[in-house]
Number of protein chains: 2
Amino acid sequence: MLLSQTGSYAMRAAIHLAERAEEDGAEPVRVGEIAESIGVPRNYLSKVLNQLVRAGVLSSERGPRGGFALAMPADEISMARIVESVETPLLDRRCLLGRPECTDADPCAAHPHWQALADRITSFLEETTLADLRRTGGKR
Amino acid sequence: MLLSQTGSYAMRAAIHLAERAEEDGAEPVRVGEIAESIGVPRNYLSKVLNQLVRAGVLSSERGPRGGFALAMPADEISMARIVESVETPLLDRRCLLGRPECTDADPCAAHPHWQALADRITSFLEETTLADLRRTGGKR
DNA sequence: TGAGTTTATCATATGAATATGCTAAATCCA
DNA sequence: TGGATTTAGCATATTCATATGATAAACTCA
């Protein structure tokens, strides 16, 4: 699996916020609505959203009329930015085999074979934005 | 990370066996040597190797002169086969976002963007064999 | 102001992956 | 045969991601 469970939650929540932003502009969305909509544990999601706030991806307001919203336009938020906010490291590009000491000088056996694909994966995560992932038309 | 820790251990152990097979033919290699060579916990590796034996990727012999060896030529053992032997599932191609109900009829937001890349990752794992990963020349 | 609502934070629980240690079974060889 | 060696298998420990629950802090609005 490319994304952790937490990374998946973060992505789905962000996509939901991108969709809601299209409908209601900058109106904050409450945790309860997001959790129910994407079907994940409410309290845990709350913690994940808070990480996104601290990473500057989301903004939040407390109290009535409070909730979460994207901190910037959807087309400026990449998958990489979201995933990096909640899980570390995003992708071990250095070494597919997980060797801590894998360097160019002493590369692992998979090194040359892995590089090209790792580059594509990284590009995918960096170049795909919430705007790309937002549902257009079709059912919810 | 694309591979789990256990998947990484399995790959590195298999690569080591492929290299040793070139040197000594079908001579079994003991857990101790493999663990020390790739720098992983010996007892845990023992369990991982046993999984590979039960999956038919490795063969094993007990007693003095015993140990582990590839059950077939290195160019017939794909990364996919090894990783699938120790972790499930290899890669959730269905849904990048981890939604359990993600189908063609009701796809997740990332579905079309994810498919092409997932295909490439799958191909990489299926088409790269131990023979490709074996070190040729260079230092150990 | 003060009651109600919502996020923020903390403390803890659960579960799965990872790791360790011991015993059993198989094999070799003197 | 019997002791030594090595994998197989089991039982348990540890660690970390995931999850839950309760309280604190911030905000709204009557």
Side-chain angles (χ1 to χ4, degrees), chain A residues 1-13 17 20 27-36 38-71 83-90 97-98 100, chain B residues 1-13 17 20 27-36 38-71 83-90 92 98 100:
Chain A
M1 187 95 99
L2 197 58
L3 264 48
S4 69
Q5 185 87 312
T6 301
S8 167
Y9 291 173
M11 280 303 309
R12 285 150 69 189
L17 288 175
R20 292 287 268 96
E27 281 296 295
V29 182
R30 293 184 292 272
V31 174
E33 175 188 320
I34 305 173
E36 192 172 352
I38 66 180
V40 308
R42 175 202 172 104
N43 283 350
Y44 188 66
L45 181 63
S46 175
K47 196 176 128 183
V48 174
L49 292 178
N50 182 253
Q51 291 180 266
L52 290 171
V53 169
R54 278 184 287 190
V57 176
L58 301 185
S59 62
S60 64
E61 289 291 337
R62 295 202 247 203
R65 323 272 323 145
F68 297 88
L70 300 184
V83 176
E84 278 166 355
S85 300
V86 298
E87 65 184 42
T88 57
L90 170 57
L97 302 183
Chain B
M1 186 97 101
L2 196 59
L3 264 48
S4 69
Q5 185 87 311
T6 301
S8 166
Y9 291 173
M11 281 302 310
R12 286 150 69 190
L17 287 176
R20 291 287 269 93
E27 281 297 295
V29 181
R30 292 185 293 272
V31 175
E33 173 187 321
I34 305 173
E36 193 172 350
I38 67 179
V40 309
R42 174 201 171 105
N43 283 349
Y44 189 66
L45 182 63
S46 175
K47 197 176 124 181
V48 173
L49 293 178
N50 183 253
Q51 290 180 268
L52 290 171
V53 169
R54 278 182 288 189
V57 176
L58 300 185
S59 62
S60 65
E61 289 292 336
R62 295 201 247 203
R65 322 272 325 145
F68 297 88
L70 300 184
V83 176
E84 279 167 354
S85 300
V86 297
E87 63 185 42
T88 58
L90 171 57
D92 192 345

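Quantities reported herein were computed from a predicted structural model and do not represent experimental measurements. In what follows, every chain begins at residue 1, and chains take the letters A, B, ... in the order their sequences are listed.
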Report the distance from atom [atom1] of [X] to atom [atom2] of [N], rounded to the nearest whole Å.
X: R12(A); N: dT18(D); atom1: CZ; atom2: C1'; value: 14 Å
X: R30(B); N: dA8(D); atom1: CZ; atom2: P; value: 15 Å
X: L45(B); N: dA17(C); atom1: CG; atom2: P; value: 18 Å
X: E27(A); N: dT28(D); atom1: CD; atom2: P; value: 12 Å
X: L49(B); N: dG9(D); atom1: CG; atom2: P; value: 13 Å
X: E33(B); N: dT5(D); atom1: CD; atom2: C1'; value: 16 Å
X: R42(B); N: dT18(C); atom1: CZ; atom2: C1'; value: 18 Å

Exercise for review: Given side chain to side chain contact (heavy atoms under 4.5 Å, CB included), test R42(A) with E36(A) step by step and report yes or no.
Suggested key: CA-CA 8 Å; R42(A) 175 202 172 104; E36(A) 192 172 352; over 6 Å; no
Review point. What nucleotide, of dT20(C), dT18(D), dT9(C), holds the atom closest to the side chain of R54(A)?
Key: dT9(C)
Check your understanding: Just checking G32(B): base, sugar-phosphate only, or nothing, at a heavy-atom cut-off of under 4.0 Å?
Key ->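 G32(B): no heavy atom of the nucleic acid under 4.0 Å.
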**Study point:** Contact list for DNA chain D against residues 55-64 of chain B - heavy-atom distance below 4.0 Å
**Key:**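 Within residues 55-64 of chain B, the residues near DNA chain D are S60(B), E61(B), R62(B), G63(B), P64(B).
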Point to revise | R62(A): side chain to side chain donor-acceptor pair (under 3.5 Å) partners, not counting sequence neighbours | key: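 Side chain to side chain donor-acceptor pair (under 3.5 Å) check on R62(A) returns nothing, list empty.
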Review point. Are the side chain of E61(B) and the backbone of P28(B) linked by a donor-acceptor contact shorter than 3.5 Å?
Key: no
Check your understanding: Closest nucleotide of DNA chain C for K47(B) versus for R65(A): which of these residues is on the 5' side?
Key ->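 Final value for this comparison: R65(A).
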Between [X] and [N], is there a contact of a side-chain N or O with OP1 or OP2 at under 4.0 Å?
X: Q51(A); N: dA8(C); answer: no
X: Y44(A); N: dA17(D); answer: no
X: T6(A); N: dA17(D); answer: no
X: N50(B); N: dA8(D); answer: yes
X: Y9(A); N: dA19(D); answer: yes
X: S4(B); N: dA17(C); answer: no

Check your understanding: G66(A) or N43(A): which one's nearest nucleotide on DNA chain D is closer to the 5' end?
Key ->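 With G66(A) and N43(A) compared, the 5'-side residue is N43(A).
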**Study point:** Passing candidate, side chain to side chain contact (heavy atoms under 4.5 Å, CB included) with V86(B), options L49(B), L3(B), V57(B), T6(B)
**Key:** T6(B)
Check your understanding: Are the side chains of L2(A) and L2(B) in touch, meaning some heavy atoms are under 4.5 Å apart?
Key ->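 The answer is yes; the side chains approach within 4.5 Å.
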Check your understanding: Got a second to check how far R30(B)'s CZ is from S46(B)'s OG, nearest 0.5 Å?
Key -> 13.5 Å
**Study point:** Approximate separation, where rounding is to 0.5 Å, of L58(A) CG and Q51(A) CD
**Key:**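 Nearest 0.5 Å value for the CG-CD distance: 11.0 Å.
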